[in-house]
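What you see below is based on every heavy atom in this structure, not just the backbone, and it leaves out hydrogens, waters and symmetry mates.
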Amino acid sequence: AASDVYKRQVSVAPMMDCTDRHDRFFMRLMSKNVMLYTEMVATKSAIHGDRKKILGFRDDEKPLALQVGGSDKKELSEVAKIAEDLGYDEINLNLGCPSKKVQKNSFGACLMKEPSLVSECIHEMSKSCSIPVTAKTRIGFDDTEDFDYLNNFIAQIKYAGCKTIILHARKAILKGLTPKQNLNIPKLNYKMVYDIKKENPNLEIIINGGITKVEEINNHLKFVKSIEEKMNIGFLGVGFLPIEKLDVVPHVPKKRYSEIMRPYMKKLGGLGLDMMHRSCTVQANFDYISEITNINASSKGLTLKKVLY
């Protein structure tokens, strides 16, 4: 899978009139490892425009993500498939641009007001391609800079199939500020991003905004890694959407399921195999050699309970 190809720690944010193919060429000369993003491309341009000119790239630009702007789930689904066919490593949905033109076309930061629509869009995109579908958004908009609102917004994105979210640590002012002013005037709130990561340790949360020095990058990375290091574990997002079809539900890699139960369940009616897949769970086993290690393992198990659920 494309998500296995790269292990990002640092990314160059998508920027209009900046991160075109020429800029990406020079960025790649400076680093072979950073994740690069295209400028935002509107869905209609990607579908109906000159694809070679708008979406073309050189292989040496990879790993590379296509950032797309739109709110029509069918169009976004089509562009996700186009991105995969062209060889992009990821497709990213823009939920952070505050420009008037973007708002007029109902995408960008104004979509933070419509979490259900965003969820539907990401779900359709995830169904149409196998590359990661990610999102880039702000921590709030206008008078809304609230942890619970942002966390609920992210929860809907997560359950729709998005496992990586880039958080610009500023809210977007949708009226009264230019896009350039929106990059400087709203105050940075890194703590909000940290708190979101604490609440969602199994998500890849990428912090964005005002980071200009290597020292600042390292400080942010240390904080995020500390969440896992405290428990001496790593996190893996697992599960599926209840509305998904059977053929996209991951198989549990156990012989008793694949070699014995699957052939048998096919003989028990049309829903037998479906029931087996949907009811198979993820198990967490903790070994211990003493009472102390048992207490520690049990404590970790209880902490992980909400993640596994």
A.B. asks: Donor-acceptor pair, distance only, cut-off 3.5 Å: does the side chain of Ser71 make one with the backbone of Ser106?
C.D. replies: yes
A.B. asks: Hey, is CG on Asp143 packed in by over 12 heavy atoms from elsewhere, all under 6.0 Å?
C.D. replies: no
A.B. asks: Taking Ser31 for its side chain and Asn33 for its backbone only, find out whether a donor-acceptor pair lies under 3.5 Å.
C.D. replies: yes
A.B. asks: With a 3.5 Å cut-off and no angle check, do the side chains of Asp146 and Asn151 form a donor-acceptor pair?
C.D. replies: no
A.B. asks: Please answer whether the main-chain N or O of Leu55 pairs with a side-chain N or O of Tyr88 as donor and acceptor at a distance below 3.5 Å.
C.D. replies: yes
A.B. asks: Under a 4.5 Å cut-off applied to non-hydrogen side-chain atoms, are Pro186 and Ile173 in contact?
C.D. replies: yes
A.B. asks: Minimum heavy-atom separation for Ser126 and Ala160, please, with both atom names.
C.D. replies: OG-O, 3.8 Å
A.B. asks: Is Glu120 salt-bridged to Lys73, going by a charged N under 4.0 Å from an acidic O?
C.D. replies: yes
A.B. asks: Do Glu75 and Thr43 have a side chain donor and acceptor closer than 3.5 Å?
C.D. replies: yes
A.B. asks: Under 4.5 Å between any side-chain heavy atoms of Lys32 and Pro63, yes or no?
C.D. replies: no
A.B. asks: Do the charged groups of Asp89 and Lys62 touch, with an N to O distance under 4.0 Å?
C.D. replies: yes
A.B. asks: Ion pair present between Glu124 and Lys74, side-chain N to carboxylate O less than 4.0 angstrom?
C.D. replies: no
A.B. asks: Do Ile139 and His168 have side-chain heavy atoms sitting under 4.5 Å apart?
C.D. replies: no
A.B. asks: Charged N to carboxylate O under 4.0 angstrom, Asp20 versus Arg24?
C.D. replies: no
A.B. asks: Looking at Arg58 and Asp60, is there a salt bridge between them, counting it only when a charged N and a carboxylate O are closer than 4.0 Å?
C.D. replies: yes
A.B. asks: Do Ile196 and Leu188 share a hydrophobic cluster (ILVMFWY, side-chain heavy atoms under 4.5 Å, transitive)?
C.D. replies: yes
A.B. asks: According to ring pair (Phe, Tyr, Trp, His ring centres under 6.0 Å), does anything in residues 14-48 pair up with another residue at least two apart or in another chain? List the pairs.
C.D. replies: none
A.B. asks: Is there a donor-acceptor contact under 3.5 Å linking the side chains of Thr19 and Glu39?
C.D. replies: no
